Amino acid sequence: MKQRSLFDEVDTAPSPSPEGRPADKIENARPIRELAYDIESTGKNPVSNIAVGISFCKEKGAACYVPVRHTAGPNIPDAFTVVKPVLEDGGIAKIGHNLKYDILILRKEGIHVAGKLYDTMLASYLLNPNRTEHSLESVGLEYLHHKKRAFTEVLGKRETFADVPVDEATPYAAEDAALAWELRGMLFDMLEAEGLATLYSDIEMPLIYVLADIEQNGIKVDTKRLEELSKELELELDALQSKIYSLAGEEFNINSPKQLGRILFDVLKLKPGKKTKTGFSTNVDVLEELAKSHDLPAEILNYRTYYKLKTTYVDALPKLINEQTGRIHTSFNQTVTATGRLSSSDPNMQNIPVRGEWGTKIREVFIAEKGNVLVSADYSQIELRILAHLCGDEGLIAAFRNNIDIHTRTASEIFGVPVEEVDIEQRRVAKTVNFGVIYGMSAFGLSEALGIPAKEASAIIDHYFARHRGVQDYMESTLETARADGYVKTLLGRKRPIPEIHSPNNNIRMQAERMAINSPVQGSAADLIKIAMIRIWKRLKDSTLKTRMILQIHDELLFEVPEAELDIISKMIREEMEGALTLSVPLHVEVGHGRNWSEAH
DNA sequence: GCCGTCACG
DNA sequence: ACGTACGTGACGGCA
């Protein structure tokens, strides 16, 4: 593959600074990512003075930047002094790959990036959200056939990037920016052609700033309480371990599904159920079934629950508390999910336990700063409301317009009883059915979820669709669209290609069909909350309010709110979330507050 | 590095 | 006859 020289077309040489000072005295070129790497790994900024080679195009109102290091000298302007006004100029657009990252690093250096952002990582994501790899290296290779020089290659045997001679470091540093610059031209044309430009500029681009703020804000945790919980769990686990060894008649590694399988199915001769690729399954469904015939499985389940809580949450969270802020700063990834949702990592703040006694205990450790409260606002039944809007089913729409409990109503339809006579068991079944609809349920899937024969599940599904022709028709037309176009779309035109929709393999094809059904619903809900986040963020920016947005959990937003702002903020949040989109059904948001996340919920 | 498991929406 | 709910991330075990 012919390597294209980016540097033929793109001026990456340090250009004159806005003040007209020549920047050609820069030494020890150094890209921002390696700078950031040093800051992260050593915990301190190893660079006292940084010059920036920057090439920008006034006609296009765009800037492409390459921060580089220089050795401080009397006649060399401080690099940040040079670049700061450019990066902070809202009239100059910024081009880069994963700009949220750069924005956050620059903020640590006191530079507050403003203006329009051309993020080529986000462009790549919108063009194909099924892609798992959106690194600059991968995207550059895909679209420009340009093989980026590997960092390790440049580094060689040297310790840090600062040790790399300037002659080698400069082109490497420039390559990052040059590549993003070139990609921008191609990818943003493609966004236009694909009808994704508005989604980018109205949603994903402004969201970069919102997410940067959320990450920077972080959330406060009660570390003392976490230590207490850890000890409590330690005791529980010790007791359970002894009990398990005694029930098993020998010691073994409880955390090993393989060893557990030997105990359950060979030693105790219990009846195996489902199989996995590697052996018999020991998952919760299997163990619950086995619990009917032996005491051990239930204790294994208890052990697993506590072990999970301890290792994944109670013991892991304190390690991720930032020393400077004393808070946990998660990462919100904007380019991971195939549907348009965000994801959260390091730590994942979107899967913090909520159910049961221990869910409460763990959520109680997420607290508000003194004088503040946490405010939680979550969309009620958002995916079903979106489904109602997308499919136009009259019954579903009427239910939401009349503020009727949707699961009770579905139960009434399925079981043919008046709404007033629906019992809790029927409502539970209906709730599962409603979830099933969104997931593209099969009779088998529903029967597994409900623990009923497939025949009964099949009858329930038939009943449901007989009463919800709008839903049924929508499902069929969605599949037809997927087959014809090769992709499905959300309310805002976000696309997800479904290439397997034509697979000759039944299982693969049916899985693709479920994706096609679910993605517009899940993805539209993601579109909606992103709009709400941007609206709320703007309202906060335009005010003198001190409220901070701190988390998004798919259908919920969490805020840290000064007590004095509680009433006005609660009202504002509801207004912006409920009004984010106007659908054929009303949107309902539940707002709560408290000293901790559990109380707020 | 993959697998099974399980936490969340 | 086969294998099935949609979307994630983190953990420990094991090769």
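Computed from a predicted model, the values in this text were never measured in an experiment. First the proteins, then the strands, lettered A, B, ... as listed; each starts at 1.
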Point to revise | Separation between CG of A:L317 and CG of A:L226, rounded to the nearest 0.5 Å | key: 6.0 Å
Exercise for review: Take the protein atom CD of A:Q334 and the nucleotide atom C1' of C:dT8, then report the distance between them rounded to whole Å.
Suggested key: 16 Å
Review point. For every nucleotide of nucleotides 9-15 of chain C, 5' to 3': is a protein heavy atom under 4.0 Å from its base (B), only from its sugar-phosphate (S), or from neither (-)?
Key: BBSSSSS
**Study point:** C:dT4 versus B:dG4 - spacing of their P atoms, nearest Å
**Key:** 11 Å
Exercise for review: With heavy atoms under 4.0 Å as the rule, sort A:A525 into base, sugar-phosphate or nothing.
Suggested key: nothing
Point to revise | Range on DNA chain B touched by chain A, heavy atoms, distance below 4.0 Å | key: B:dC3 to B:dG9
Check your understanding: How long is the line joining CD1 of A:I517 and C1' of C:dG7, in whole Å?
Key -> 16 Å
Point to revise | Partners passing salt bridge (charged side-chain N to carboxylate O under 4.0 Å, His left out) against A:E357 (at least two apart in sequence or in another chain) | key: A:K361
Exercise for review: Have a look at A:I438 and say if it touches a base, only the backbone sugar-phosphate, or nothing, with a 4.0 Å heavy-atom cut-off.
Suggested key: nothing
Review point. Is A:R509 touching bases, backbone alone, or none of the nucleic acid, heavy atoms closer than 4.0 Å?
Key: nothing
Revision key, fill the gap. Between CG of A:N506 and P of C:dC2 the distance, given in whole Å, is 13 Å
Check your understanding: After noting the C-alpha distance and the side-chain angles of A:D405 and A:R427, does the key distance pass the salt bridge (charged side-chain N to carboxylate O under 4.0 Å, His left out) rule?
Key -> CA-CA 10 Å; A:D405 181 299; A:R427 187 180 181 279; 2.9 Å; yes
Check your understanding: Base, sugar-phosphate alone, or nothing: which one does A:T432 contact when heavy atoms must sit under 4.0 Å apart?
Key -> base
Check your understanding: Would you call A:R494 and A:E204 a salt bridge, using N to O less than 4.0 angstrom?
Key -> yes
Revision key, fill the gap. The single option from A:T478, A:V471, A:L479 that satisfies side-chain contact (heavy atoms from CB on, under 4.5 Å) with A:M475 is A:V471
Review point. Once you round it to whole Å, what is the distance between P of C:dC6 and CD of A:E448?
Key: 13 Å
Check your understanding: Between A:G445 and A:T337, which has a closest nucleotide on DNA chain C that is more 5'?
Key -> A:G445
Review point. In whole angstrom, what separates A:F444's CZ from C:dT4's C1'?
Key: 7 Å
Can you give me every donor-acceptor pair (side chain of residues 444-467 of chain A, partner residue at least two apart or in another chain, under 3.5 Å) with its distance?
residue: A:S447; atom: OG; partner: A:A443; partner atom: O; Å: 3.4
residue: A:S447; atom: OG; partner: A:F444; partner atom: O; Å: 2.7

**Study point:** Basic-acidic side-chain contact under 4.0 Å: A:R469, A:D393
**Key:** no
Review point. How about A:D266: does its CG atom have over 12 heavy atoms from other parts shown lying under 6.0 Å from it?
Key: yes
List the atom pairs, with distances to 0.1 Å, where a side-chain N or O of residues 591-601 of chain A and a protein N or O form a donor-acceptor pair under 3.5 Å, not counting sequence neighbours.
residue: A:R595; atom: NH1; partner: A:N372; partner atom: O; Å: 2.8
residue: A:R595; atom: NH2; partner: A:A368; partner atom: O; Å: 3.3
residue: A:N596; atom: OD1; partner: A:S598; partner atom: N; Å: 2.9
residue: A:N596; atom: OD1; partner: A:E599; partner atom: N; Å: 2.8
residue: A:W597; atom: NE1; partner: A:E556; partner atom: OE2; Å: 3.1
residue: A:E599; atom: OE1; partner: A:R595; partner atom: N; Å: 3.0
residue: A:H601; atom: NE2; partner: A:E556; partner atom: OE1; Å: 3.4

Review point. A:G440 near the nucleic acid: base, sugar-phosphate alone, or nothing, with a heavy-atom cut-off under 4.0 Å?
Key: nothing
Practice item. For C:dA5 versus B:dT5, give the span between their P atoms, rounded off to a whole number of Å. Key: 13 Å
Check your understanding: Using Watson-Crick and G-U wobble pairs whose two distances are both under 3.5 Å, how do you write the pairing of DNA chain C as dot-bracket, with | for links to another strand?
Key -> .....|||||||||.
Point to revise | Rounded distance [0.5 Å steps], CD1 in A:I438 versus CD in A:Q381 | key: 8.5 Å
Check your understanding: Contact class for A:L342 vs. all strands (heavy atom < 4.0 Å): base, sugar-phosphate, or nothing?
Key -> nothing
Review point. Just by distance, with hydrogens left out, do A:Q350 and A:Q552 show a side-chain donor and acceptor under 3.5 Å apart?
Key: yes
Exercise for review: Take the protein atom CD1 of A:I461 and the nucleotide atom C1' of C:dA5, then report the distance between them rounded to whole Å.
Suggested key: 10 Å
Exercise for review: Take the protein atom CG of A:D285 and the nucleotide atom P of C:dT4, then report the distance between them rounded to whole Å.
Suggested key: 13 Å
Review point. Between the main-chain N or O of A:L309 and the side-chain N or O of A:T312, is there a donor-acceptor pair closer than 3.5 Å?
Key: no
Exercise for review: May I ask you to evaluate whether A:R514 reaches the phosphate of C:dA5, defined as a side-chain N or O under 4.0 Å from OP1 or OP2?
Suggested key: no
